Structure formats: structure tokens, C-alpha cells
Protein chains: 2
Amino acid sequence: MAGHAHRTPILTSSSLDEGVGGRVYLKCENLQRIGAFKFRGAYVTISGLGDEDRGRGVVTHSSGNHGQAVALAARLLGVAAHVVMPEGAAEVKVEAVRGYGAHLTRCAPTHTAREEAAAAVLRETGGTLIHPFDDGRIIAGQSTAAREMHEDAPEPLDLLLGPVGGGGLMSGACLATRHLGRTTAVVGVEPEGADDAARSFRSGSRQPVGVVDTIADGLRTPLSELTFGILRANLEDLITVDDEAIIRAMRWVWQRMKLVIEPSSAVPVAALLDGKIDVRGKAVGILISGGNVDLDRLPW
Amino acid sequence: MAGHAHRTPILTSSSLDEGVGGRVYLKCENLQRIGAFKFRGAYVTISGLGDEDRGRGVVTHSSGNHGQAVALAARLLGVAAHVVMPEGAAEVKVEAVRGYGAHLTRCAPTHTAREEAAAAVLRETGGTLIHPFDDGRIIAGQSTAAREMHEDAPEPLDLLLGPVGGGGLMSGACLATRHLGRTTAVVGVEPEGADDAARSFRSGSRQPVGVVDTIADGLRTPLSELTFGILRANLEDLITVDDEAIIRAMRWVWQRMKLVIEPSSAVPVAALLDGKIDVRGKAVGILISGGNVDLDRLPW
């Protein structure tokens, strides 16, 4: 992946450190290609396909960052990409996917319609489905973000925090931390309004999604059996934050650190700023997942 | 200065490179302490004062980044700071200066009132005036941004672009480029609505300011004799861009590069995106000067 994905910088803020009493390192995947860590998994997965599969192309359905990731990774690898996007998806994301040269299929904005449309494209093309997180190759790709964070941070991390949606990023973080033999405690953070992972983690079995209501649009997806299993076995804890704290944290990072981050990225920052986790005296890594937001519709 | 200022990262964008046909490197001083390169000059200047001068404190007047820079640098060095700020200055900047522990003096929002208020504080305290740009020590401090850019860029730069207001940043860029023996052409960029430097550069003598009307609030200041002399002798060219191009470029960098930059920083980016300078096949460095903006008053 070297030379294709950015090795994103780790940034710090004295005022954040002072505010929480720890040493906080932000791994800035908002500065990754397509503006999110999702590029890593898509690139690793598509580059691992054999010639025959590459020839038939790749298929995915996404209203968010994964669609852009598949479109760009496929283009770089000379593979045709088919992306199913629901009506109502942000125009800037539709344009981005189209700009990367992907074939676009629009569908009704329901989960069923998306799956049906993707299934139709798969039948038609014989292509390979690139799932956003329920796939060991995708998780391996996402794990490189945490691996770089461990390698590049100026000191060993006591804690590693990141957002949990489908669980791909944090599953990768768990595996990278183990693989490197680190003792870092890995903690997931979820919006209160989409807390299936936290409830599942506490109860020990995968819980239904319930009503999803959060500004963190990248984290509305439930865990899969695969990611639940990895997170359950490896996470130290899984905590939640409310939307007000998410918006405050998002604005704080824009204002003080000059980074455009999306609400999902603000979720672990909110856990710190809101005192949901005590990091005094600790070295803390935060995975900033992405920065794709509509600049005409900011939440403040 | 090492260990006090951040060695800010250099970031790139494939779509920017594709768009302009060159290889563009952004030196991100928006990620510097206080959110702007100004911290460099203030820190170098105040740290160079003798014990007696330090004991009497430092004084400046500023409605912008320089006031914050002096306040933070002074605090880090254990020196008292007095900052004169006009009524009407952005509340977030007033709060920042106060938060760094500086003594605040408010005055009427005119240049004369600012100078008089600063003179009064100087008489009262016997302190040292820290000018935002008309001072060799300040220029030496600002020059470290360009020096790091030359040192850290992955290839020698054919061109180095940055914004021109009072001229401190670009004077420093000229001196650093010469000092390192580089053949890089250094080009200043100015808003059309505050183009005294461009007119002065063309005519060969310092021109009056005229009516200043630009969104780039950091660049409304005229050159001094000192900075004009350095720029005249060392700049390859000095070009202008209009406010619409500045706003477009600012939004482009937020949207595509996920960086919060202020209008002044967007000025050299606008020169590229608007085709004011041909960079095809060239390695181009851009000094991104800062990222202090009011998030409740965006220009789009």
C-alpha cells in the first residue's frame, strides 16, 4: 500500500493535552486519500484480487466514504467499479464517486433497495462485492492506520481510541495492536443514538440496532458477527457519547486544531473532552476517521 | 525554537496536482501553535531579549494572529505581555489572547488609537515593542517556515509561493531560500483589494495603500521600508488574485484537503487554481499562513 495511501501525520494540541491532563496524539485519516481511512481497506482488498476477478470489476453500495474509497482504489488499479448510491446521498459524494470514474447506479434510499440493486449489478457483471467492513481483507487494510499510529507516535500508547460503526476500523486497531505485541488498551466509542455495539459488548451477544438517531452518519451501521467477535475479544471497553458532545468536539477540533473532521471522527474526541474516560498522565492515540462533510450544512 | 514551535507537516493533494499539472506541497502553518506562522517570529524575538528587557515585558497592538503569538510566546518564556486590541476585534481572538495570560488594553478601532494606546503602555511599562513584521528578528523567526519547507519537501522546489501583507513571511522566505543556496523562484501573492505591494514591486518605489477591500484580513497591512527592500531585491514576481478566487480556493482546501485555512492562506492557492501562474511540470511550495477563522461567519 506504500506509495498509494498517505502515511497520514499524527498531530497534537497543547491545549487539548492541558485540558485532559494527558498526552493526546491524533492520527489524521481525514487527511487520507478520499478524506477517510476507508481508502486503506478498499485498496488492500481490490489489489489482492486475481486477474480474472479484476477483469470483472468490483461492486459496492454506499452512501458514504466507502463508495469513494472503492471508486478511487479501483481506478488506481485499473479495475472497473460499480457503486450503488441511494437517492438523497450528498451530491458532493455522488460527484466524487463519478469523478473517480465509477459506474453509478442510483436506487431508493432503503437498505433493501440498496442490496437488491447491488445484487443485480453483481449478477450482471459477475463482479466481486467489496463490503465496507464485514471482510477480513478490509479489516486488514484498515488495521494499517493503527499500525502506523503505533509506529509513528513518539511514545508507546497507553490507550487507543476510535469510533465504532460497522467495526472495521476498530477491529483493525485491535488486530494491529496485538500483532505488534503492544499492551495498549483499545477502547471503542459510539454515539448514544447508535449504540448497538456498546449494548452488544456489555451483554455479550449481538444486540439489534433499534432506532438510530445520531449526527455521526458514518456510525449508523451495526456490527457484523465478524467485527463483533473481534471487538468483544479485544476491546478494553466500549463507551458512548451524545450528539451534543459530538458537535462540541467537532467544532473544537476545527477551531483549535484547524482540521476539518466529520462528526464520526469527533466521537472519540468527545469522550475525552466530556470526561467519559480518565486519561490523566496517559499517552492516548485517537483514530480520526475522516473529514467528509457538507460545508453548506454545518451542525452549528 | 525546536521543541517550542511545531515542525508543521507538508501535505499534498493528488487532485490539486492533477488540476494544475505540477507537484504542489503545502507547508501547513495553520497547524502551527496559535494557528499561524506568527508564533515563530514572536518566539524568536522575545527569546532573544536580555534579562532586563524580559523583566519589563513586551507590548504589541494587533487585531489578529500576531497578538496571540506574542501572548503565547511571552507566556512560554515567562515574560509579561501587553496586547492592545481594538474594540470590534473577533471575540474568539480576544479570548485567546486573554487565555494566554496577556494583559489586554482595548482601544478605538483606528490605527491611530492603536498606536497611541500601545505608546501609552510602552511609557508605563518601559517594555519592548514587538512589531508584527518591521523587525529583522521577526523576519528571521518567520524565515524558519520556509527553511523547514526547503528541508522537508521531497524534492527541490522550483517555485515557492506565499501571501504578502506586511511582508514578514515572504521576506523570511526570500532570506531562507538565499541562505540555503536554493535557486527556487520566490513569488508573492496579494489580494487585488490590498495590492500596495504589487504596485510597489512594479513601480520600484513604495506606493500608498489606497482603499483596502479584501476578505483576506491578514493581508490588509502595507509593506514597511524594510520588507519592501527585501521583497524588491529577491522576489521573482508579485501577483494578485481577486476575492472571489480567494473564497473559492479557501473552500476548495477545506473541502478537498480537510484543512481549516483562513482567507489569507487561500491567496497563493487561488493563484494556482485560477491559472495566474503556470506551474506545469514544476515542484511548487505554498506557505499556508494560518487557520484562524470565525466558524460562525464563513464566506460561503
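We use all heavy atoms of the structure for the numbers below, so side chains are in, but hydrogens, waters and symmetry mates are not. Residue numbers begin at 1 in each chain, while the letters A, B, ... track the order of the sequences. Because the structure is a prediction, the values reported are computed rather than measured.
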Please find the pair of heavy atoms, one from Val293(A) and one from Gln255(B), that lie closest to each other, and give the distance.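 Scanning both residues completely, I find the closest heavy atoms to be O-NE2, 3.2 Å.
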As an exercise, state the distance from NE2 of His6(B) to OG of Ser14(A), rounded to the nearest 0.5 Å.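 The NE2 atom of His6(B) sits 5.0 Å away from the OG atom of Ser14(A).
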Could you state the interatomic distance from CG (Leu259(A)) to CE (Met257(B)), rounded to the nearest 0.5 Å?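 One finds 12.0 Å between CG of Leu259(A) and CE of Met257(B).
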If one checks every heavy atom of Leu298(B) against chain A at 4.5 Å, the contacting part turns out to be side chain
Donor-acceptor contact below 3.5 Å, side chain Lys258(B) vs main chain Gly291(A):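 Checking the backbone N and O of Gly291(A) against the side chain of Lys258(B), a donor-acceptor pair under 3.5 Å is found.
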Give a yes or no on whether the backbone of Leu295(B) and the side-chain of Trp300(A) come within a donor-acceptor separation of less than 3.5 Å. yes
Is the shortest heavy-atom distance from the side chain of Pro9(A) to the side chain of Leu11(B) under 4.5 Å?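 Pro9(A) vs Leu11(B): side chains touch.
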Do you know which of Leu31(B), Ile261(B), Asp294(B) has the most heavy-atom pairs with chain A at a distance under 4.5 angstrom?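 Highest number of pairs under 4.5 Å: Leu31(B).
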If you count heavy-atom pairs within less than 4.5 Å of chain A, which of Asn292(B), Thr8(B), Ile34(B) leads? Asn292(B)
Within a radius of less than 6.0 Å around CD of Glu244(B), do more than 12 heavy atoms belonging to other residues, nucleotides or ligands occur?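 Atom CD in Glu244(B) is not crowded, with 12 or fewer foreign heavy atoms closer than 6.0 Å.
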Do other residues, nucleotides or ligands put more than 12 heavy atoms under 6.0 Å from Arg256(B) CZ?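 For Arg256(B), atom CZ is not crowded (no more than 12 foreign heavy atoms under 6.0 Å).
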Side chain, backbone, both or neither of Arg251(A) within contact of chain B (heavy atoms, under 4.5 Å):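 The answer is both parts of Arg251(A).
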